[in-house]
Amino acid sequence: MSNSKETIVNGKAVLGIEFGSTRIKAVLIGEDNTPIASGAHDWENRLEDGIWTYTLDDIWTGLADSYTKMTEDVRAQYGVEVTKLAAIGFSAMMHGYMVFDKAGELLVPFRTWRNTITEQASEQLTELFQYHIPQRWSIAHLDQAILNGEEHVAKIDYLVTLAGYIHWQLTGEKVLGVGEASGMFPIDITACDYNQRMIAQFDERVAAKGFAWKLRDILPKVLSAGEAAGTLTEEGAKRLDVSGKLQAGVPVCPPEGDAGTGMVATNSVAVRTGNVSAGTSVFGMVVMEKELSKVYEEIDLVTTPTGNLVGMVHCNNCTSDLNAWVNLFKEFAESFGMSVDMNQLFGTLYNKALEGDKNCGGLLAYNYFSGEHVTNFEAGRPLFVRKPDSNFNLANFMRVHLMASLSVLKTGLNLMLKEEGVKVDKMLGHGGLFKTKGVGQSILAAAIDAPVFVMETAGEGGAWGIALLAAYMVNKADGESLDDYLNHKVFAGQEGTKMDPDPADVKGFDEFLEVYTAGLPIERAAVDHLQ
């Protein structure tokens with residue numbers, strides 16, 4: 001504690017702040033890169049005129065409150081004030097649309113990643129670029145606004161994401177980390193910059209509109225992890241710390257998105273590594289050695305904070321249906337007057353799954369609370385199906401729901417790992433699915449046929465990840481890569497628990513996926529007829 005106090009007093013601590021969907025979190029780290037204080041502010045997006053948004057007031061109130069709460073934590077623990085910092089980093093949920101005129105005024109309310117109002121633009125740009133452009137990307141929002149004939153487009157002077165907006169307001173710099181930029185517009189990984197061919201194609205696409213701007217002129221400059229991205233201005237210091245105690249001039253690292261900070265926080269930024277985050281929804285990311293051979297609608301292409309190409313499969317559904325069944329067992333036990341510990345219940349039922357048939361004994365489940373674009377469903381109906389001769393027991397029942405929770409992810413990842421031959425040496429699992437030791441981990445290892453590591457903790461999540469990127473910028477040795485910095489100075493000795501895939505489990509999951517895929521018309525019938 002005395003070391004942490006000294007670090008804070010001497011201005012050696014580093015701050016990371018991340019704007020998540022429901023919480024803004026500030027994490028202060030010490031010279032050993034571990035968290036020493038934190039603060040959080042809860043916020044919610046709102047649906048206004050059919051658009052999911054947050055107001056500018058929401059953003060600045062939340063930023064200041066999360067910082068204030070972090071300083072209160074510092075005072076409570078160490079009895080000192082935060083007046084100087086070694087570095088700061090800002091990150092936020094990726095994508096979306098924030099556009100400003102020459103006076104710096106917001107032209108339309110912030111359109112977040114959650115909006116699915118850009119289908120026409122997404123399809124047309126994917127066709128134009130021959131590169132998958134998801135609906136939530138900034139370029140899809142811009143193109144849709146043009147297709148809609150929205151008046152504000154002619155006045156645009158700057159197009160940026162939430163993370164880039166905060167960075168610009170606090171430093172005066174119109175820059176973006178390459179990982180975050182890759183969710184705005186496709187990146188040329190050799191140049192570590194926007195794809196110039198596609199920039200030219202877009203400009204040609206909208207040339208007849210006669211806009212005063214060209215696309216590159218309104219986009220932020222792209223920077224890689226470790227590059228200087230400006231310093232906290234006097235005005236910026238006052239907006240961040242409303243008490244006025246924080247001194248200006250703090251170096252600020254390139255702003256990043258939540259995908260990039262998640263990769264950093266799980267030490268999965270190196271080529272041939274990846275991570276799977278499994279909770280209410282699930283996504284898997286693999287850092288690839290080269291471009292894919294063709295366009296896949298199921299795979300989003302982004303980059304690490306250092307510009308390596310990442311294939312990402314995102315699925316809307318993971319543990320919701322599984323949790324609903326566990327709650328049913330809880331209700332059953334309570335009907336007999338038993339007191340139920342949920343951790344014990346989850347642990348018992350999850351471990352039971354390991355006793356089941358490798359292919360689930362002919363049982364079938366779909367965990368679709370909502371639609372899944374990977375399997376072409378616009379809505380979902382949770383289903384459990386079996387044949388009269390299926391091996392129906394508790395072990396197989398639990399196993400089928402665990403495997404169903406990763407089946408859409410496996411469907412998408414198979415395109416990368418099997419169709420494209422993408423290599424993954426190490427996958428890191430994090431999230432609620434992996435809380436019961438060894439169970440979700442073994443199912444994921446079977447799904448991807450690669451070793452899966454689970455750490456005791458992924459630190460403080462994305463806010464910790466952006467703090468690490470800020471620390472890397474100011475503390476890295478000459479020529480030290482981000483991979484090396486993380487391996488030697490952050491995660492040394494913290495590799496986590498490794499589980500290699502069991503060949504019988506792999507074979508069983510492949511067999512199950514065949515049945516799962518063949519049975520998708522059952523789910524389609526449920527969606528169409530169960531209204």
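Basis for what follows: all heavy atoms, side chains included, without hydrogens, waters or symmetry-related copies. What you are looking at is a predicted structure, and each value in this text was computed from that prediction instead of being measured.
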Using 4.0 Å as the upper bound for N to carboxylate O, is an ion pair formed by D300 and R136? yes
Is the backbone of E127 close enough, under 3.5 Å, to the side chain of Q130 for a donor and an acceptor to pair up by distance? yes
Looking at E289 and R272, does any basic side-chain N land under 4.0 Å from a carboxylate oxygen? yes
Please find the pair of heavy atoms, one from Y516 and one from A365, that lie closest to each other, and give the distance. CE1-O, 3.4 Å
Hey, is K423 close enough to D425 for a salt bridge, meaning N to O under 4.0 Å? no
Heavy-atom donor-acceptor pair, D143 side chain to A140 backbone, under 3.5 Å: no
Side chains of Y296 and E420 only: does a donor on one sit below 3.5 Å from an acceptor on the other? yes
Backbone of G307 reached by a side-chain donor or acceptor of T304 within 3.5 Å: yes
Please output the side-chain donor-acceptor pairs of residues 14-24 that fall under 3.5 Å, not counting sequence neighbours, one pair per line with the distance.
residue : atom : partner : partner atom : Å
E18     : OE1  : S91     : OG           : 2.4
E18     : OE1  : T261    : OG1          : 2.7

Any non-hydrogen side-chain atom of P305 less than 4.5 Å from a side-chain atom of L469? yes
Go through T303 and V287 one step at a time and tell me if the side-chain contact (heavy atoms from CB on, under 4.5 Å) criterion holds. CA-CA 8 Å; T303 77; V287 187; over 6 Å; no
Is it true that a side-chain atom of E419 and a backbone atom of N414 form a donor plus acceptor pair closer than 3.5 Å? no
Taking every heavy atom of G311 against every heavy atom of I299, the minimum-distance pair comes out as CA-CG2, 4.0 Å
For the pair E227 and K221, evaluate salt bridge (Lys or Arg N to Asp or Glu O under 4.0 Å) and give the outcome as yes or no after the intermediate values. CA-CA 12 Å; E227 290 191 79; K221 181 183 177 184; over 6 Å; no
K25 side chain near S66 side chain, heavy-atom distance below 4.5 Å: no
Check S277, S281, P134 against H314 for a side-chain contact (heavy atoms from CB on, under 4.5 Å) and give me the one that passes. S281
Side-chain heavy atoms of D321 within contact of F384, under 4.5 Å: no
Between F202 and I139, is a side-chain contact (heavy atoms from CB on, under 4.5 Å) present by the stated rule, with each step listed? CA-CA 9 Å; F202 184 86; I139 191 62; 3.8 Å; yes
Smallest separation among heavy atoms of G279 and C318, with atom names: O-CB, 2.9 Å
Using only heavy-atom distances, determine whether the side chains of E180 and T161 contain a donor-acceptor pair under 3.5 Å. yes
Backbone N or O of Q120 within a donor-acceptor pair of the E123 side chain at under 3.5 Å? no
Closer than 4.0 angstrom, basic N to acidic O: yes or no for D510 and K410? yes
Using a 3.5 Å distance criterion without hydrogens, assess whether the side chain of T118 forms a donor-acceptor pair with backbone atoms of S122. no
I'd like to know if the side chain of D357 and the backbone of N359 have a donor-acceptor N/O pair within less than 3.5 Å. no
Candidate pair W464 and F491, rule ring pair (Phe, Tyr, Trp, His ring centres under 6.0 Å), full reasoning: CA-CA 13 Å; W464 183 50; F491 292 98; 5.7 Å; yes
Ignoring hydrogens and angles, state whether a donor on the side chain of S481 or D483 is under 3.5 Å from an acceptor on the partner side chain. no
With no hydrogens and no angle check, do the side chains of N275 and H430 hold a donor and an acceptor under 3.5 Å apart? yes
Does the N45 side chain pair with the main chain of Y54, one donor and one acceptor, at a distance under 3.5 Å? no
side-chain hydrogen bond (donor to acceptor under 3.5 Å, both in side chains) between N195 and D188, intermediate numbers included: CA-CA 5 Å; N195 186 298; D188 175 348; 5.4 Å; no
Looking at E514, is its backbone amide N or carbonyl O close enough to the side chain of T517 to form a donor-acceptor pair, meaning the two atoms are under 3.5 Å apart? no
So F185 and W137, ring pair (Phe, Tyr, Trp, His ring centres under 6.0 Å) or not? Walk me through it. CA-CA 7 Å; F185 193 87; W137 281 27; 8.3 Å; no
Looking only at heavy atoms, the pair that brings S370 and N316 closest together is OG-CB, 3.5 Å
With a 4.5 Å cut-off on side-chain heavy atoms, are Y366 and L520 touching? yes
Compute both the distance and the angle, then confirm whether R114 meets the cation-pi test with W52: under 6.0 Å from the six-membered ring centre, within 45 degrees of the axis. yes
Pairwise side-chain contact, F346 with V326, heavy-atom cut-off 4.5 Å (strictly under): yes
Is V252 close to H167 at the side-chain level, that is, under 4.5 Å between some pair of heavy atoms? yes
Take T53 and L47 through the side-chain contact (heavy atoms from CB on, under 4.5 Å) test and state the conclusion after the steps. CA-CA 6 Å; T53 189; L47 189 62; over 6 Å; no
Does V269 reach the side chain of T273, with side-chain heavy atoms less than 4.5 Å apart? no
Are the side chain of S390 and the backbone of F392 linked by a donor-acceptor contact shorter than 3.5 Å? no
Looking at M98, M184, H141, which hits side-chain contact (heavy atoms from CB on, under 4.5 Å) with L159? M184
Using distance alone, with no hydrogens and no angle criterion, decide if E372 and N317 have a side-chain donor and acceptor under 3.5 Å apart. yes
For a side-chain contact (heavy atoms from CB on, under 4.5 Å) check, start with the C-alpha distance between V313 and E298, then their side-chain angles and the critical distance, and finish with the verdict. CA-CA 6 Å; V313 176; E298 302 87 348; 5.7 Å; no
NZ/K426: more than 12 non-hydrogen atoms of other groups inside 6.0 Å: yes
May I ask you to say whether D505 pairs ionically with R399, meaning some side-chain N is under 4.0 Å from a carboxylate O? yes
What residues form a ring-ring contact (aromatic ring centres under 6.0 Å, His included) with Y472, not counting sequence neighbours? Y485
Of all pairs that satisfy side chain to side chain donor-acceptor pair (under 3.5 Å), the ones with a partner from residues 341-351, not counting sequence neighbours: none
Do the numbers put K358 on top of the ring of F509, so that NZ or CZ is under 6.0 Å from the six-membered ring centre and no more than 45° off the axis? no
How far apart are the C-alpha atoms of Y165 and F110, what are their side-chain angles, what is the distance that settles it, and do they pass the ring pair (Phe, Tyr, Trp, His ring centres under 6.0 Å) test? CA-CA 11 Å; Y165 165 67; F110 171 31; 8.5 Å; no
Write down the atom of S442, the atom of L354, and the distance for their closest heavy-atom approach. OG-CD2, 3.5 Å
Verify the neighbour count for atom CD of Q124: are there more than 12 heavy atoms of other residues, nucleotides or ligands below 6.0 Å? yes
Decide whether N367 and H401 meet the rule of one side-chain donor and one side-chain acceptor closer than 3.5 Å. no
With no hydrogens and no angle check, just 3.5 Å: does a side-chain donor-acceptor pair link Y368 and T375? yes
For the atom pair CG (L349) and OG1 (T436), what is the distance rounded to the nearest 0.5 Å? 9.0 Å
Show the nearest heavy-atom pair for residues A87 and M473, with the distance to one decimal. CB-CE, 4.4 Å
Can a salt bridge be assigned to the pair D58 and R46 using a cut-off of 4.0 Å between side-chain N and carboxylate O? yes
I'd like to check L301 versus P186 (side-chain heavy atoms, cut-off strictly below 4.5 Å). Are they in contact? no
